[in-house]
Structures are given as C-alpha cells and as structure tokens.
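Input: a single structure, listed below in structure tokens.
These numbers come from the heavy atoms of this one structure, side chains and all, not from hydrogens, waters or symmetry mates. Remember, predicted model here, so these are calculated numbers, not experimental data.
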Amino acid sequence: RKRIAVLTSGGDSPGMNAAVRAVVRYGIYRDCEVYAVHEGYAGLISDNMKKMSWDDVRGWLSFGGTLIGTARCLEFRDREWRKVGCYNMIKNGIDALIVCGGDGSLTGADFLRNDWPSLVADLKAEGKITAEQAEHHGHLYISGLVGSIDNDMAMTDSTIGAFSSLDRICTNVNWIQATADSHSRAFVIEVMGRHCGWLALMAAISTRADYVFLPELPPKSSSWTEDMNKVVLRHRKAGSRRIIVIVAEGAIDDDLNPIKPEAVKESLDKIGFDTRVTTLGHVQRGGTAVAADRLLATMQGAEAVEAILDATPDTPSPMIGIRENKLVRVSLLEAVKETKAVAAAIERKDFEGARALRDSEFKE
Ligand code: F6P
C-alpha cells in the first residue's frame with residue numbers, strides 16, 4: 001500500500017485546493033494513504049504533515065488559495081535540510097510525493113528524488129533509520145502538477161490557475177472601463193505573469209485593450225512611446241472614450257529595459273490624456289477557481305496518483321500536463337528545461353527564438 005504525500009509550493013494559484021482534494025480522494029479510491037504536507041517544502045522540514053481522510057477535503061473545490069499553505073522555501077536547496085525532510089518522510093512511512101507548483105517547485109521535487117538514495121544511505125549510516133526502513137524507502141516516487149497563474153510552463157497548454165486569473169483580470173478591466181469611459185480617461189493596467197506575457201496578451205484580447213506590452217514582443221527602445229501614442233490617438237479619434245493599455249509585469253523594450261506603467265502614463269499624459277495607473281496585484285491570484293481550473297486540477301490530480309502507481313525507479317519524473325484537451329505525462333525535467341530556454345532566449349535578445357519556443361509549446 002503506497003503512502004503518498006501531497007504539497008503545494010511557490011505562489012498559490014486558484015485550483016490548488018481542487019488538486020489536493022483530487023489527490024486525496026483518488027489516492028484513497030486507489031487504496032493509498034495520503035498525507036497533506038502543510039506550508040510547502042517547509043512542512044517536510046518541520047514534520048508538518050497530516051494523514052487525510054475522504055471527509056477532510058469536503059467543500060475544498062470552492063475555496064481559493066491553498067488550504068494546506070504554501071511557501072517559497074529556500075532552505076530546501078540545502079542538502080542538510082533535504083535530509084531532514086527525507087528523515088521526516090521516512091518516519092511517516094511516505095514513499096511518494098506529489099508537488100503542485102511552478103517550475104522552481106517542480107525542480108525541487110526532482111532534486112529530492114535524485115538525492116534520495118544518498119540521503120537514505122546517510123540516515124542509515126547515522127543510525128537514524130533502520131536497515132529495513134532504508135531498504136523499503138530506497139526510492140522516492142514523484143509526480144508534478146503545474147499550479148501557477150502565469151501559464152509559463154512549457155509542454156502543457158494550461159497551468160492550474162491561469163484561467164481563473166485571466167477571468168479575474170478581465171472582470172477588473174471591465175470595472176475600470178466603466179470609470180474610464182465615464183471620464184474619457186486613459187488607464188494603464190499592470191498584470192502579473194512574471195516573465196511570461198500569456199495573462200497580459202489574453203487579457204488584452206479578451207477586453208479589447210488598445211495596446212499591450214509583452215516580454216516576448218519587446219518594442220523598440222527608441223520609439224515605443226511614439227508607436228503607442230500613434231495607436232491610442234487613432235483609437236481616440238475613432239471615438240473611443242476610454243483608452244486601456246495593458247502592461248505585463250515582465251514587459252521590456254528591445255534593449256531589455258523594463259517598461260514600467262509610470263513611463264507609459266507619462267507618455268500618455270504628454271499627448272493630452274488624463275491617465276491613471278492601476279496595478280492589479282494579488283487580486284489576480286485570489287478568489288475561487290473558475291470551472292476550467294477545477295476540472296483541470298481534478299483530472300490532473302487523479303492522473304498524478306496514477307503516475308505514481310505506474311512508476312518504477314527508472315521512470316523519469318513525470319509532470320502532468322494537458323495538450324489539445326488531453327491529459328499527458330511529460331518529462332518534468334524536459335518541461336523545466338524548455339521553460340528556462342524561453343527566458344534565456346529573451347535575455348540574449350533572441351526575441352524571435354523566444355516566440356518560436358513559446359509557439360512550439362502549443363504545436364508539438
Ligand atoms: O508566479 C506567480 C506570481 O503571482 C507572479 O505572477 C508574480 O510575479 C509573483 O508570483 C509574485 O510573487 P509574490 O506573491 O511572492 O509577491
């Protein structure tokens with residue numbers, strides 16, 4: 001009988017509770033015992049884990065955030081702390097781990113898996129675990145669920161939380177449009193997404209924004225203000241009372257200088273707009289998950305359990321994705337590598353390359 005631990009890590013995202021609920025319930029259905037680790041990887045270090053029953057997750061679908069807590073746990077990069085985590089897992093009889101988080105959190109899980117045999121050997125040599133425990137816990141089986149609002153992970157079409165966040169952004173932009181229309185004002189709205197422009201681009205399309213700045217499509221540093229001004233003036237002339245400019249938080253120009261909402265406002269003010277700046281902030285991450293994220297998390301949570309049950313010590317760590325509406329298991333390390341390749345292409349100003357990589361995520 002497998003004993004599976006589940007944790008959420010990194011920035012929370014709507015749908016994480018649905019994912020944990022699915023792991024708990026599907027795990028029990030498949031005759032496993034499921035433990036919830038609280039506060040992300042920090043809970044492995046502090047032995048903050050609790051065996052979950054079917055009833056423990058009742059009603060979780062409709063809660064936002066993550067009810068088992070999350071953290072960005074830097075200690076876990078340190079082998080000594082990982083050893084403490086390994087000890088606590090063995091003490092609790094756990095032999096598999098499902099992590100729901102972004103690329104950093106999933107890489108952490110693979111790291112632990114790789115280190116595991118040597119950590120177990122150390123613990124045995126130090127007399128902290130018995131030879132039988134070392135034998136029984138020779139391998140750690142892991143599987144990854146991508147929980148992030150940013151939708152920045154390669155090899156999957158959608159991350160858990162991205163559509164909820166997009167929905168929240170659109171609702172907020174609609175609200176802003178009402179006041180912008182009333183006053184004939186321009187609004188510059190910054191949206192989250194770290195180095196990925198997915199949220200900003202989809203929000204711009206969905207709300208009919210007048211202009212958008214994205215990390216993957218940097219405008220010319222020498223002329224972006226004039227280029228934007230031309231477009232918004234044309235829209236104003238055509239009768240648009242409100243002007244909406246969406247700025248991705250990772251937006252840059254082609255010299256890699258950040259494009260800040262204040263600089264956009266300054267440019268709009270100069271050509272006569274009465275401009276306000278709104279940073280949506282963590283509103284984008286809060287609230288309950290939309291149905292699409294609840295469904296995605298539920299299906300992927302069950303699939304993560306299946307992946308654990310199928311795994312052998314030689315199976316590469318799987319990440320559960322979705323492509324063209326079908327659940328897929330892909331190599332977690334490959335997905336993280338491709339995700340990092342986009343950021344690296346942007347850093348060396350190979351913007352076309354970055355866009356091609358993003359496109360291939362959807363076409364492959
Ligand atoms: O990765 C999710 C995210 O919300 C990003 O969009 C944003 O850059 C970051 O997390 C904010 O992190 P924090 O909540 O730690 O300020």
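Dense packing is recorded around CD of Glu126, with more than 12 heavy atoms of other residues, nucleotides or ligands lying under 6.0 Å away. Atom CZ of Arg241 is surrounded by more than 12 heavy atoms from other residues, nucleotides or ligands within 6.0 Å. Counting heavy-atom neighbours within 6.0 Å of Lys2 NZ, excluding the residue itself, gives a total above 12. Few gaps surround NE2 on His38; more than 12 heavy atoms of other groups in view lie less than 6.0 Å from it. Within 6.0 Å of CD in Glu226 there are more than 12 heavy atoms belonging to other residues, nucleotides or ligands. Counting non-hydrogen atoms of neighbouring residues, nucleotides and ligands closer than 6.0 angstrom, the CG atom of Asn325 reaches no more than 12 such neighbours.
Side chains of Asp103 and Thr339: a donor-acceptor N/O pair is absent below 3.5 angstrom, by distance only. For Ser105 and Ser9, the side-chain atoms include at least one donor-acceptor pair closer than 3.5 Å. In this model, a donor atom of one side chain and an acceptor atom of the other lie less than 3.5 Å apart for Ser118 and Arg79. If you check the side chains of Asp310 and Thr315, you find no donor sitting under 3.5 Å from an acceptor.
For Asp255 (side chain) and Asn257 (main-chain N/O), no donor-acceptor pair under 3.5 Å exists by modelled atom type. Panel note: side chain Gln284, backbone Gly281; a donor-acceptor pair is recorded below 3.5 Å. A distance-only check finds a donor-acceptor pair linking the side chain of Arg168 to the backbone of Gly286 [under 3.5 Å]. Checking side-chain atoms of Ser240 against main-chain N and O of Ile243 turns up no donor-acceptor pair under 3.5 Å.
Minimum heavy-atom separation, Phe163 to Val290: C-CG2, 3.9 Å. Minimum heavy-atom separation, Thr156 to Arg323: CA-CG, 4.4 Å. Between Val34 and Ile28 the shortest heavy-atom distance is CG2-N, 4.3 Å. For Gly197 against Leu214, the heavy-atom pair with the smallest separation is O-CD2, 3.5 Å. When all heavy atoms of Trp116 and Gly138 are compared, the pair lying nearest together is CD1-O, 3.6 Å. Here the closest heavy-atom approach between residue Ala19 and residue Ile160 is recorded as CB-CD1, 4.4 Å.
Note on Lys349 versus Asp254: no salt bridge recorded, every NZ/NE/NH1/NH2 to OD/OE distance being 4.0 Å or above. A salt bridge links Arg3 with Glu33: the distance from a Lys NZ or Arg NE/NH1/NH2 to an Asp or Glu carboxylate oxygen falls below 4.0 Å. A salt bridge does not link Glu306 to Arg329: none of the charged nitrogens lies less than 4.0 Å from a carboxylate oxygen. Between Asp210 and Arg242 there is a salt bridge, with a side-chain nitrogen of the basic residue lying less than 4.0 Å from a carboxylate oxygen of the acidic one. With respect to Lys220 and Asp227, no salt bridge is recorded, no charged nitrogen being found less than 4.0 Å from a carboxylate O. Salt-bridge check for Glu262 with Lys260: failed, with every basic side-chain N at 4.0 Å or more from each acidic carboxylate O. A salt bridge between Asp152 and Arg194 is absent, with no side-chain N of the basic residue lying under 4.0 Å from a carboxylate O of the acidic one.
Contact of the Leu44 side chain with the Met49 side chain is registered, since non-hydrogen atoms from C-beta on lie closer than 4.5 Å. You'll find the side chain of Asp12 reaches within 4.5 Å of the side chain of Arg285, heavy atoms only. Two residues are said to be in side-chain contact when any heavy atoms from C-beta on lie closer than 4.5 Å; Phe111 and Ile142 fail this criterion. Side chains of Ser13 and Thr159 form no contact here, defined as non-hydrogen atoms less than 4.5 Å apart. In this structure, Asn172 and Thr278 have side chains that are not in contact, with every pair of non-hydrogen atoms separated by 4.5 Å or more. When side chains are defined from C-beta on, Asn17 counts as touching Thr66, because their heavy atoms get closer than 4.5 Å. Val231 has its side chain within reach of His235: a pair of non-hydrogen atoms, C-beta onward, lies under 4.5 Å apart. At least one side-chain heavy atom of Asn229 sits under 4.5 Å from a side-chain heavy atom of Leu268.
Here the straight-line distance linking atom OG of Ser317 with atom CD of Glu334 works out to 12.0 Å at 0.5 Å rounding. One distance of note links CG of Asp56 with CG of Leu67; it measures 11.5 Å at 0.5 Å rounding. With values rounded to the nearest 0.5 angstrom, Lys91 atom NZ is found 13.0 Å from Ile129 atom CD1. The CE atom of Met89 lies 11.0 Å from the CG atom of Asp47; values are rounded to the nearest 0.5 Å.
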**OP:** Take Met153 and Met319 through the test side-chain contact (heavy atoms from CB on, under 4.5 Å) and record every step on the way to the result.
**Re:** CA-CA 10 Å; Met153 184 67 93; Met319 179 189 98; 3.9 Å; yes

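A single hydrophobic cluster is not seen to contain both Ile94 and Val6; linkage of ILVMFWY side chains at heavy-atom distances under 4.5 Å, directly or through other members, places them apart. Residues Phe187 and Trp175 are members of separate hydrophobic clusters, defined by side-chain heavy-atom contacts under 4.5 angstrom among Ile, Leu, Val, Met, Phe, Trp and Tyr. No continuous path of ILVMFWY side-chain contacts below 4.5 Å connects Ile45 to Ile98, so the two sit in separate hydrophobic clusters. In the hydrophobic clustering of this structure, Val188 groups with Phe213; members are Ile, Leu, Val, Met, Phe, Trp, Tyr whose side-chain heavy atoms approach within less than 4.5 Å, directly or through other members. Hydrophobic clustering places Tyr26 together with Leu309 (ILVMFWY residues linked when any side-chain heavy atoms are closer than 4.5 Å, directly or through intermediates).
Each of Asp350, Ile346, Val342 was evaluated against Leu357; a single residue qualifies, Val342, per the side-chain contact (heavy atoms from CB on, under 4.5 Å) test. Here the rule is salt bridge (charged side-chain N to carboxylate O under 4.0 Å, His left out) with Asp115, and of Lys83, Arg77, Arg82 only Arg82 fits it.
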